[in-house]
Every structure is written in C-alpha cells, then in structure tokens.
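Following: one structure in structure tokens, then a few remarks.
Worth knowing before you read on, the calculation uses all heavy atoms, side chains too, and leaves out hydrogens, waters and symmetry mates.
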Amino acid sequence: MLMISSAAMAAPDSQQVGPYSVSFDLNANYQVQVGEPMETDVANVYGMTLFTDNSTLATIGIADYAEPTDSTLQVLQQLNGMSMMLQGLNITNMKEMVVDGKDGILTAAEPVEAVADGPSEVYRSMYWLDSIDCECGPVSVGTTSVTITSTYPLDVTEGLLSSLRIVKGEASTAAPAAGGQVLPPE
C-alpha cells in the first residue's frame with residue numbers, strides 16, 4: 001500500500017515500512033511515501049521516501065538478506081563509493097559515524113555534471129542493524145542493512161541520521177500524520 005503523509009516540520013514521525021518501525025525527526029517540510037516491498041530469493045527490500053520536491057528528498061531502504069552477508073565497515077565504504085561513482089557522483093568526503101546506535105558511514109558527493117533543478121550535493125549513509133563479528137576471520141556479518149540517501153542540506157541530513165531509529169515490529173503511529181492520506185497502490 002502506498003502511503004503519503006502531509007507535510008510535517010520538526011516533529012518526530014514514525015512510519016511502518018514492511019516489518020519495520022522507522023522513526024525520525026526531519027527538520028524540514030516534507031511528505032512521506034512508503035513503497036511496496038521488493039522480494040527476491042536473495043533479499044527483501046523495504047523503502048520509504050521523504051520529499052519536499054523533485055530534487056529535495058531522502059530515501060530510507062532496508063534490505064533483509066536471506067543469508068548472512070559481509071557487513072565489514074571497509075567493504076561498506078568501498079561498495080558505497082563505487083556505487084555513487086557509477087551513478088555519476090564525485091565523492092567529496094567519506095567518514096565513519098554512528099547511525100541508530102550502530103557503526104556506519106556517511107559519504108558526500110557532487111554530480112559530475114550539473115543538472116538543471118538537480119541536487120548540488122548528495123549524501124549517502126549506510127549501516128547494518130545486526131552486524132556481528134564473525135569467528136571466520138576479520139570480518140563482520142549481518143542480515144539487515146540500511147541505506148539512507150539524501151539531497152537535503154548536510155545539517156538536515158545529519159539531523160535525520162542522528163534521530164533515525166529502526167526496529168522490527170509495529171510503529172507506535174503507523175497511520176499517516178494528521179491530514180495525510182492513504183492512496184491505493186498504483
């Protein structure tokens with residue numbers, strides 16, 4: 001079911017995204033759109049988009065892998081950097097940071113070619129909800145990864161990341177914010 005919530009500003013929000021309760025505080029006017037899950041043999045992916053307009057948005061993607069997957073922070077950094085470069089983004093900064101109480105990364109990038117009405121800066125953060133050290137060597141494994149991509153300014157993006165909480169289970173307020181609407185799937 002596709003859900004769109006009305007605009008909110010600096011008020012904690014909680015949304016049900018697949019089997020996950022996602023709560024956050026985004027210091028901006030935005031609407032919420034929760035997408036249909038994508039299911040494969042390898043992973044189930046759940047996502048939502050927080051958007052102000054066509055070029056100012058943040059996406060939160062949660063991937064549930066069927067098997068434990070390498071969740072080593074250095075691998076995450078390499079994959080994130082390569083993925084952003086393949087999307088036409090020039091990496092300007094990458095740093096480790098804690099998101100949702102877990103070790104993660106935040107990458108800043110600029111489009112290689114400026115696009116009219118396009119974002120001038122893109123941020124992507126990645127972390128694992130359940131990463132644990134593996135007895136098999138100097139690696140970590142996990143089954144649930146989270147990727148946040150944002151074109152909001154850095155201070156708004158960092159505020160989102162510092163307030164983000166994702167837990168498996170029902171959201172305390174799974175319904176759209178006041179005045180929001182639930183739309184049928186397209």
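- Every residue two or more places apart in sequence or in another chain that forms a side-chain hydrogen bond (donor to acceptor under 3.5 Å, both in side chains) with E121 is listed here: Y123.
- M126 shares a hydrophobic cluster with V42, Y65, L73, L76, I105, W128; the chain of contacts runs through ILVMFWY side chains whose heavy atoms sit under 4.5 Å apart.
- L79 and L129 fall into different hydrophobic clusters, where Ile, Leu, Val, Met, Phe, Trp and Tyr are joined by side-chain heavy atoms under 4.5 Å apart, directly or via other members.
- Checked by atom type and distance alone, the side chain of D100 pairs as donor or acceptor with a backbone atom of I166 at under 3.5 Å.
- Annotation for C134 and V141: closest pair CB-CG1, 4.2 Å, computed over non-hydrogen atoms.
- A donor-acceptor distance shorter than 3.5 angstrom exists from the side chain of S162 to the backbone of G159, with no hydrogens or angles considered.
- A donor-acceptor contact shorter than 3.5 Å is absent between the side chain of S163 and the backbone of F24.
- Looking at every heavy atom in both residues, S150 comes nearest to T157 through OG-OG1, 2.7 Å.
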Steps toward side chain to side chain contact (heavy atoms under 4.5 Å, CB included) verdict (T40, V45): CA-CA 9 Å; T40 69; V45 180; over 6 Å; no

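- Looking only at atom types and distance, the side chain of R124 has a donor-acceptor partner in the side chain of T149 under 3.5 Å away.
- Not one N or O on the side chain of Q15 forms a donor-acceptor pair closer than 3.5 Å with the backbone of M48.
- Across A28 and V156, no two heavy atoms sit closer than the pair CB-CG1, 4.3 Å.
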Side chain to side chain contact (heavy atoms under 4.5 Å, CB included) evaluation trace for S14 with S21: CA-CA 7 Å; S14 184; S21 170; 3.7 Å; yes

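- When all heavy atoms of S140 and D133 are compared, the pair lying nearest together is OG-OD1, 3.3 Å.
- In this structure, the side chains of N44 and P37 stay at 4.5 Å or more apart for every pair of heavy atoms.
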Show your working on side chain to side chain donor-acceptor pair (under 3.5 Å) between Q78 and N80 and close with a plain yes or no. CA-CA 6 Å; Q78 292 171 354; N80 188 42; over 6 Å; no

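- Checked by atom type and distance alone, the side chain of D130 pairs as donor or acceptor with a backbone atom of T144 at under 3.5 Å.
- Y20 and I148 fall within the same hydrophobic cluster, defined by Ile, Leu, Val, Met, Phe, Trp and Tyr side-chain heavy atoms under 4.5 Å apart, directly or through other members.
- Each of L106 and M84 belongs to its own hydrophobic cluster when Ile, Leu, Val, Met, Phe, Trp and Tyr are linked at side-chain heavy-atom distances under 4.5 angstrom.
- Considering T49, D13, L160 as possible partners of Y30, the one that fulfils the side-chain contact (heavy atoms from CB on, under 4.5 Å) test is D13.
- Side-chain N or O atoms of S145 include none that pairs as donor or acceptor with a backbone N or O of T143 at under 3.5 Å.
- Considering every non-hydrogen atom in both E67 and T69, the closest pair reads O-OG1, 3.1 Å.
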Might you work through the salt bridge (charged side-chain N to carboxylate O under 4.0 Å, His left out) test for K95 and E158, ending with a clear yes or no? CA-CA 12 Å; K95 66 180 182 178; E158 287 179 332; 3.3 Å; yes

Please determine whether side chain to side chain contact (heavy atoms under 4.5 Å, CB included) holds for the pair D103 and E96, giving the CA-CA distance in whole Å, both sets of side-chain angles, and the decisive distance to 0.1 Å. CA-CA 7 Å; D103 290 335; E96 294 181 12; over 6 Å; no

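- S131 and S71 get closest at one heavy-atom pair: OG-OG, 2.7 Å.
- In terms of hydrophobic clustering, with Ile, Leu, Val, Met, Phe, Trp and Tyr side chains grouped at heavy-atom distances under 4.5 Å, Y46 and L50 are assigned to a common cluster.
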After noting the C-alpha distance and the side-chain angles of V112 and L89, does the key distance pass the side chain to side chain contact (heavy atoms under 4.5 Å, CB included) rule? CA-CA 5 Å; V112 173; L89 298 168; 5.9 Å; no

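- The same ILVMFWY cluster, assembled from side-chain heavy atoms under 4.5 Å apart, contains both L154 and Y127.
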T52 vs Y152, side chain to side chain donor-acceptor pair (under 3.5 Å): CA-CA, chis, key distance, verdict: CA-CA 9 Å; T52 298; Y152 284 100; 2.7 Å; yes

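- Note that CG of L164 and CD1 of I60 are 5.0 Å apart. Values are rounded to the nearest 0.5 Å.
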